[in-house]
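Down below is the structure, laid out as structure tokens.
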Amino acid sequence: MSENETTDDLSQVLRHRREKLDSIIERGIQPFAYNFTPTSTTAATITSFEVMESAEALGENGHGERVTVGGRIVGWRDMGRSVFAHMEDGHGRVQLYFRKNVIGEESFESLSLLDVSDWIGAEGPTFRTRTGEVTIQVESWTLLTKSLRPLPFGKVETDPETGERKVYGGFQDQEMRYRQRYADLAVHPDVRDVFRTRSRVITELRRFLDDEGFLEVETPVLQPLYGGASAKPFVTHHHFLDQTMYLRIADELYLKRLIVGGLDRVYEISKDFRNEGLSKVHNPEFTMLEWYQAFSDYEDQMDLVERMVLHVLDTVMGERVIRVGDDVIPVTVPFRRLGLVSGLSEALGEDVHEMSEADLRAKAEELDVPDLDGAGRGKLIDKLFGELVEPGLVEPTFVIDHPKELSPLAKTHRNDPRLTERFEMYIGGAEIFNAFSELNDPIDQRERFEAQSTLRDAGDDEAQQIDDDYIRALEYGMPPTGGVGMGVDRLVMMLTGQTSIRDVILFPILRNEE
RNA sequence: GACCCGGUAGCUCAGCUGGAAGAGCAACUGACUUUUAAUCAGUAGGUCGUGGGUUCGAGCCCCACCCGGGUCACCA
């Protein structure tokens, strides 16, 4: 039976499909068509029928419009001299009805060569079956692509009253769903919807910033020095230059060089790369949106973030709520603003500014906060805040005015030299935005870099490098600037109610197969 | 990185105290011209994640490893 060893190795199911392919070719049917021109989609076919029906415009035999549709077979019920099937395209699904005395003997016999997950085109008038489903009475059909590997469709039961879909069996294995995202998408319409939403969110973020007068720019992914965030980079090598290169961990320093150059409102949507662990909210490559606006400070940027979030909710979601798992969180402006130090003081019941580093450390140890080695005052405050306050930040909240040590690229707070003008915006306990009044004093910036360098020498491999070229740019003069970074993946998680970042990234990072 | 759970037919899973590898769906053959988790009859399909070990005998027990999920840690 089998032509060769390769075919021998295939499972029974795959072998049967190869055999059908052979039969198709023997009958002179093209199994992988070159093109097809539908006149309608599955969704439009149904809508059109319903419109004609309610206008009492149906033709003889209750037939609606004659359509030609293309799609993938997702269900098949063989009744002998008639067959019911379901077809899906990018817009929905529609039922097909094949009758032997309508399509003819030869065409009907050829149906036995079709399988679930094949792509076909079908042509005929619409009607409503006895059980009430709008269906295409197929008069002719054509094979578009023979599928040699069945998709793991489950059995779908649709409740006739509520329209709720219940899936039996199906494709559950998370690993396989991520590795074979094409199959996951093919089988799960709701997964396709998540990524459609993601795309629309990014479109609306662009539209919002474009309308605010921002210019979209592109800056290097491959960088001789990395900076703009505290993170471990991916390291690579350029052979011709014989030079070590890093994949960017942030866009920040390049975008601010553009502000120096007079491009006064810029943004970039980019993949950033951080060589760190994986979690429900961390993928090593992720999508970042950063923007910088001359003649603004972090207060202005808080207003802009509020307007941006509302714009995305209004245009994409149609409602001002965020979903975290099953929780529905209303989004209203202005968002809550909480000083990092004052919020922590409240949680501790004493003024953090009055506490010594030793006091802070004792508190942290008392609470079993891990990894305190080498933590300075700022780090201790941050850790305590993370432990005591952050988990409660479910409604949209700006956490503002971080300790200076934690923020080497932010301006010193105009009213308190111990703090910086910075905010992080949290929703549902996750950080989504991070912003500052950008530090534009080149002398101060060099000192901050040097402090980072000291941390680096002390073993902190996430501390930032000194970027002399960036300081040179600041010496030419950067106007007062507010800048914001946003985790696009995390925002999409919030909007689509996904609890894992992997469910909003089409191809999340996985270990190699085998 | 630590701990917990998992990996058995194409898919979803069961498999008792160690004693002849199972079910449903999918597939294949046949019946059925308005079904919709179609139905009915029959057939076939297995490297039990991998490699060792214990045992008369291992899907099951032991050791190591691989892969994934979850929790924690790391990650502003």
Side-chain angles (χ1 to χ4, degrees), chain A residues 10-17 19-20 62 74-86 93 95-103 108 112 115-117 127-133 135 137 149-160 165-179 183 187 228-232 249-250 274-284 286 340 368-371 378-379 381-383 385-386 390 399 402-403 405-410 420 422-424 426 431 434 436 461-464 485 487 499-500 502 510-514:
Chain A
L10 297 176
S11 75
Q12 184 187 49
V13 177
L14 267 51
R15 217 166 44 233
H16 283 137
R17 295 231 169 175
E19 286 163 10
K20 284 187 183 181
V74 299
W76 192 263
R77 293 179 295 284
D78 186 341
M79 306 289 297
R81 280 181 274 280
S82 71
V83 171
F84 286 91
H86 273 101
R93 69 161 58 193
Q95 181 167 253
L96 307 177
Y97 180 43
F98 300 87
R99 278 175 76 121
K100 191 171 188 172
N101 64 350
V102 171
I103 64 175
F108 195 82
S112 67
D115 289 294
V116 164
S117 66
F127 73 110
R128 195 180 279 283
T129 63
R130 192 181 294 164
T131 47
E133 179 162 350
T135 299
Q137 166 80 62
R149 187 180 289 273
L151 286 163
F153 287 106
K155 291 274 192 170
V156 179
E157 182 184 32
T158 311
D159 189 306
R165 283 158 54 93
K166 203 170 165 188
V167 179
Y168 299 82
F171 192 33
Q172 299 299 319
D173 187 312
Q174 278 300 331
E175 175 186 355
M176 296 304 279
R177 290 177 61 184
Y178 294 139
R179 287 195 191 283
V187 163
S230 304
K232 284 174 245 178
I249 58 172
R274 298 189 183 176
N275 208 339
E276 287 159 359
L278 289 72
S279 81
K280 285 180 113 171
V281 288
H282 295 88
N283 194 61
F286 61 101
L340 191 150
D368 282 331
V369 178
D371 202 45
K379 192 99 179 168
I381 291 173
D382 187 55
K383 286 269 181 195
F385 186 87
E390 228 172 79
V399 174
H402 296 57
E405 171 190 325
L406 296 174
S407 313
L409 300 165
T420 54
R422 173 176 179 184
F423 69 78
E424 292 177 302
Y426 287 78
E431 177 201 340
N434 180 28
F436 346 110
D461 52 2
E462 287 170 1
Q464 303 199 23
T499 53
S500 169
R502 293 179 161 197
L510 298 171
R511 220 175 283 270
N512 280 342
E513 246 177 311
E514 288 194 342

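Computed from a prediction, not measured in an experiment: that's the story for all the values here. Every chain is numbered from 1 and lettered A, B, ... according to where its sequence line falls, protein lines coming before strand lines.
What you find for R274(A) and A229(A) is that their closest heavy atoms are NH2-CB, 3.3 Å. What you find for L14(A) and P150(A) is that their closest heavy atoms are CD1-CD, 4.0 Å. Between F153(A) and V74(A) the shortest heavy-atom distance is CZ-CG1, 3.5 Å. Minimum interatomic distance between E157(A) and Y168(A) (heavy atoms only, all atoms of both residues): OE1-OH, 2.6 Å.
A23(B) and G1(B): their C1' atoms are spaced 41 Å apart (whole Å). Across C65(B) and C25(B), the matching C1' atoms stand 34 Å from one another, rounded to whole Å. Rounded to whole Å, the P atom of C4(B) lies 12 Å from the corresponding atom of C63(B). Rounded to whole Å, the separation between the P atoms of C60(B) and C48(B) comes to 10 Å. With both ends at atom C1', the span from A44(B) to C28(B) equals 7 Å, rounded to whole Å. For the P atom pair drawn from A58(B) and G51(B), the interatomic distance equals 15 Å after rounding to whole Å. Between the C1' atoms of G52(B) and A37(B), the separation comes to 45 Å (whole Å). With C1' as the reference atom, U8(B) and G59(B) are 7 Å apart, rounded to whole Å.
Remark: P of G70(B) and CG of D173(A) are 12 Å apart, rounded to the nearest angstrom. The interatomic distance linking F84(A) (CZ) with C32(B) (P) rounds to 16 Å, in whole Å. Rounded to whole Å, atom C1' of U12(B) lies 15 Å from atom NZ of K166(A). Put simply, CE on M79(A) is 13 Å from P on C40(B), counting in whole angstrom units. What separates NE2 of H86(A) from C1' of U34(B) is a distance of 13 Å, to the nearest Å. Whole-Å rounding puts the L14(A) CG to G45(B) P distance at 16 Å. Here A9(B) presents its C1' atom at 14 Å from CE of M176(A), a figure rounded to the nearest Å. As a whole-Å value, the separation of L340(A) CG from A76(B) C1' is 10 Å.
The partner of A64(B) is U50(B), judged by Watson-Crick or G-U wobble contacts that both fall below 3.5 Å. Across the strands present, A2(B) finds its partner in U71(B); the criterion is a Watson-Crick or G-U wobble pair with both atom distances under 3.5 angstrom. In a base pair of the Watson-Crick type (N1 to N3 plus N6-O4 or O6-N4) or a G-U wobble (N1-O2 and O6-N3), with each distance short of 3.5 Å, C32(B) is matched with no nucleotide. The partner of C25(B), taking Watson-Crick or G-U wobble pairs whose two distances both stay under 3.5 Å, is G10(B).
Using a 4.0 Å cut-off, no side-chain N or O of K155(A) falls inside it from OP1 or OP2 of C11(B). Remark: R99(A) is not in phosphate contact with U33(B), judged by side-chain N or O atoms under 4.0 Å from OP1 or OP2. Phosphate contact (OP1/OP2 of G10(B), side-chain N/O of R149(A), threshold under 4.0 Å): absent. Under 4.0 angstrom from either OP1 or OP2 of C28(B) there lies at least one side-chain N or O belonging to K20(A). Look at R177(A) and you won't find any side-chain N or O under 4.0 angstrom from OP1 or OP2 of G68(B). Taking only side-chain nitrogens and oxygens, R81(A) comes nearer than 4.0 Å to OP1 or OP2 of C32(B).
For R179(A), taking side-chain heavy atoms from C-beta onward, the closest of the listed nucleotides U71(B), C67(B), A27(B) is C67(B). The side chain of F171(A) sits closest to U12(B) out of U71(B), U12(B), C28(B). Side-chain proximity of R77(A) to C32(B), U34(B), A38(B): nearest is A38(B). In the set C32(B), G68(B), G10(B), the nucleotide with an atom closest to the side chain of R511(A) is G68(B). For S279(A), the listed nucleotide lying nearest its side chain is C74(B); candidates were A37(B), C74(B), U33(B).
No engagement by K232(A) is indicated, since no non-hydrogen atom pair under 4.0 Å with the nucleic acid exists. The residue Y178(A) sits close only to the backbone: its heavy atoms come under 4.0 Å of sugar-phosphate atoms, none of a base. Residue H402(A) is classed as having no contact, given no heavy-atom separation below 4.0 Å to the nucleic acid. Within 4.0 Å of E390(A), counting heavy atoms only, lies no atom of the nucleic acid at all. Contact annotation for E133(A): base contact, defined as any heavy-atom pair under 4.0 Å involving a base atom. Within 4.0 Å of N101(A), counting heavy atoms only, lies at least one base atom of the nucleic acid. Residue Q95(A) is classed as a base contact, given a heavy-atom separation below 4.0 Å to a base.
A donor-acceptor contact under 3.5 Å links the side chain of R422(A) to the base of A76(B). Side-chain atoms of R130(A) and base atoms of U34(B) include no donor and acceptor less than 3.5 Å apart. Residue side chain T129(A) reaches the base of U35(B) through a donor-acceptor N/O pair under 3.5 Å, judged by distance alone.
Side-chain atoms of L340(A) and P403(A), non-hydrogen and from C-beta on, do get closer than 4.5 Å to each other. Side chains of N275(A) and P284(A) form no contact here, defined as non-hydrogen atoms less than 4.5 Å apart.
Salt-bridge formation is detected for the pair R422(A)/E424(A): a Lys NZ or Arg NE/NH1/NH2 atom is positioned less than 4.0 Å from an Asp or Glu carboxylate oxygen.
Of the two residues contacting RNA chain B, namely S112(A) and Y97(A), the nearest-nucleotide position lying further toward the 5' end is that of S112(A).
In this structure, W76(A) and F98(A) have tilted ring planes: the angle between them lies in the 30° to 60° band.
Separation of atoms CG (L510(A)) and CD (Q174(A)) is listed at 10.5 Å; rounding is to 0.5 Å.
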